[in-house]
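We're numbering straight along the sequence, starting at 1. What you see below is based on every heavy atom in this structure, not just the backbone, and it leaves out hydrogens, waters and symmetry mates.
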Amino acid sequence: MFWRKALVWKCLEWRAFGRGFKQGRCVSSGSRLDLRGIYPPIVTPFNQKGQVDYQQLESNVRELSKIPFRGLVVQGSNGEFVFLTSEERVEVVRRVRQVLPEEKLLVAGSGCESTEATIAMTRNMAEAGASAVMVVTPCYYRGRMNSAAFIQHYTQVADASPVPVVLYSVPGNTALELPVDAILTLSQHPNIIGLKDSGNNVTRIALIVHKTRNQDFQVLAGSAGYLLAAYSVGAVGGVCALANVLGEPLCNLEKLCLRGEWEEARELQYRLIEPNTAVTQKFGIAALKEAMEWFGYFGGLCRAPLLPLTEVERKDLRNDFASNGWL
């Protein structure tokens, strides 16, 4: 199926939905979007009133743009997208694109619970300047979210999307995993270019890489905790929450892996495990935003109902960074 992705030109019709798009817009699947590299899934800053602070958002993007990331993921799980209105989600992407250097990719989360809503959000994200969209698995009716449902959902979204689609499996938040058989089927779609896998299962990542090696398909690790392991089995990059605070070290880890300098890479990976666990599984987004403040970014508060860290949690978080030499 490699030839299919390499040669097919997929024409996407627009009607009233696509403000700013021309009817019959064509996207060339021949010029594949190269996802290789490290991406921070950026946070959404809020002010004291709980409103999106676009000024601080733009400031963070300017600072992150100084690091050799491939691009940014906007409206991923760390962006608290489930707490934003549809208008806020699109506006955040629009503001980021305005200040992000042109050469850096902007991958926008466009997943919603229904296929119809996801298509609409995907079109809006493309119009706002997204280079690609990342679509999380619908999960509310998880008992009926089987391979057939996912294949239908993602196929319809990819058929309608004017930009490439990246699948997003994050069982820690959705309590379900995008099945491997569905991924293998979807990998053949000319407008589905890759997967972000946040399931903490390197064996699964290796299997997906192995089974899609004859496809034009790219796998991204969903966490800094197993980035080295993911590179070792063929992942092309990572979307890592920790990159919001330790971006340079993660880019250095990528370089070491690509050069085959595994011993040095392993030592660096060891030092990243505890800080990564702290800002993801242990304390979550509140910890990530707290740590951002220590490294010169604006983190601020989370949107309710998420609570800030307690003083005990804050000390524990600081120890996870300091004991590994980052503070």
Side-chain angles (χ1 to χ4, degrees), residues 31-43 45 56-76 78-79 93 95-109 129-132 134 164 166 193-198 218-232 234-273 275-276 279-280 288 291-299 321 324-327:
S31 54
R32 179 189 71 161
L33 189 66
D34 188 350
L35 296 175
R36 288 178 296 177
I38 303 298
Y39 302 76
I42 66 172
V43 305
Q56 294 292 358
L57 172 69
E58 293 171 4
S59 176
N60 283 346
V61 171
R62 290 189 180 96
E63 290 303 309
L64 290 169
S65 296
K66 299 175 183 178
I67 299 171
F69 295 128
R70 180 68 180 93
L72 305 182
V73 168
V74 185
Q75 296 306 301
N78 289 283
V93 170
R95 295 294 187 99
V96 171
R97 184 71 273 179
Q98 288 174 355
V99 297
L100 186 68
E102 185 177 350
E103 70 274 9
K104 292 186 182 289
L105 297 184
L106 193 166
V107 181
S131 314
M134 188 176 73
V166 178
I193 63 169
L195 163 74
K196 178 197 173 186
D197 195 301
S198 298
Q218 303 162 88
V219 179
L220 298 168
S223 176
Y226 52 88
L227 186 60
L228 181 153
Y231 268 113
S232 74
V236 302
V239 181
C240 307
L242 191 62
N244 285 283
V245 290
L246 296 179
E248 289 282 2
L250 281 169
C251 288
N252 289 337
L253 179 56
E254 175 200 20
K255 292 177 184 177
L256 293 170
C257 291
L258 294 177
R259 293 172 184 167
E261 298 176 17
W262 297 111
E263 184 174 348
E264 190 174 349
R266 185 168 59 248
E267 293 303 316
L268 179 54
Q269 177 70 85
Y270 289 155
R271 297 174 58 215
L272 295 170
I273 293 173
N276 178 73
V279 301
T280 55
L288 178 61
M292 287 177 66
E293 298 282 349
W294 303 338
F295 289 85
Y297 303 98
F298 180 85
F321 277 84
N324 288 280
W326 301 116
L327 287 174

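Remark: side-chain polar atoms of Asn276 are not paired, donor with acceptor, to backbone N or O of Ile273 under 3.5 angstrom. A donor-acceptor pair under 3.5 Å is formed between the side chain of Ser131 and the backbone N or O of Leu106. One N or O on the side chain of Asn60 and one on the backbone of Phe298 form a donor-acceptor pair closer than 3.5 Å. Panel note: side chain Gln269, backbone Leu228; a donor-acceptor pair is recorded below 3.5 Å. In this structure a side-chain-to-backbone donor-acceptor pair under 3.5 Å is missing from Gln75 to Ala108. Using modelled atom types, no side-chain atom of Lys104 and backbone atom of Leu72 make a donor-acceptor pair closer than 3.5 Å. Side-chain atoms of Ser59 do not come within 3.5 Å of backbone N or O of Gln56 as any donor-acceptor pair. No side-chain donor-acceptor contact under 3.5 Å links Glu254 to the backbone of Gly238. Proximity of a side-chain donor or acceptor of Asp197 to a complementary backbone N or O of Gly222 within less than 3.5 Å is not detected. Not one N or O on the side chain of Asn324 forms a donor-acceptor pair closer than 3.5 Å with the backbone of Trp326.
In this structure, Ala221 and Tyr226 approach most closely via the heavy-atom pair CB-CE1, 3.9 Å. Pairing each heavy atom of Cys240 with each of Pro41, the nearest pair is O-CD, 3.1 Å. Residues Val73 and Met134 share a closest heavy-atom pair of CG1-CE, 3.6 Å. Across Gly237 and Tyr231, no two heavy atoms sit closer than the pair CA-OH, 3.3 Å. Scanning all heavy atoms of the two residues, the minimum distance from Ser65 to Leu100 falls at OG-CD1, 3.5 Å. Pro45 and Val43 make their closest contact through CD-O, 3.5 Å (heavy atoms, listed as atom of the first residue, atom of the second, distance).
You'll find the side chain of Leu64 reaches within 4.5 Å of the side chain of Tyr297, heavy atoms only. Using a 4.5 Å heavy-atom threshold, the side chains of Leu227 and Ile38 count as touching. Leu242 is not listed as a side-chain neighbour of Ser223, based on a closest heavy-atom distance of 4.5 Å or more. Counting heavy atoms from C-beta on, the side chains of Phe295 and Leu246 come closer than 4.5 Å. With a 4.5 Å cut-off on side-chain heavy atoms, Asn78 and Ile42 do not count as touching. Taking 4.5 Å as the limit, some side-chain heavy atom of Val236 sits within range of a side-chain heavy atom of Leu220.
Considering CD of Glu267 and CH2 of Trp262, their distance stands at 14.5 Å, rounded to 0.5 Å. Atom CZ in Arg271 sits 15.0 Å away from atom CZ in Arg266 (nearest 0.5 Å). If you take CD on Glu264 and CG on Leu253, they are separated by 10.0 Å, rounding to the nearest 0.5 Å. The CZ atom of Arg36 sits 11.5 Å away from atom CG of Leu105, with the distance rounded to the nearest 0.5 Å. Taking OG1 of Thr280 as the start and CG of Leu288 as the end, the distance is 9.0 Å to the nearest 0.5 Å.
Residue Glu263 places its CD atom among 12 or fewer non-hydrogen atoms of other residues, nucleotides or ligands, all under 6.0 Å distant.
Relative orientation of the Phe321 and Trp294 rings is perpendicular, given thresholds of 30° and 60° on the angle between their planes.
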Exercise for review: Decide side-chain contact (heavy atoms from CB on, under 4.5 Å) for Asp34 and Gln218; before the verdict, give the C-alpha distance in whole Å, the side-chain angles of both, and the deciding distance to 0.1 Å.
Suggested key: CA-CA 8 Å; Asp34 188 350; Gln218 303 162 88; 3.6 Å; yes
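Listed by chain and number, the residues in a salt bridge (Lys or Arg N to Asp or Glu O under 4.0 Å) with Glu261 amount to none (sequence neighbours excluded).
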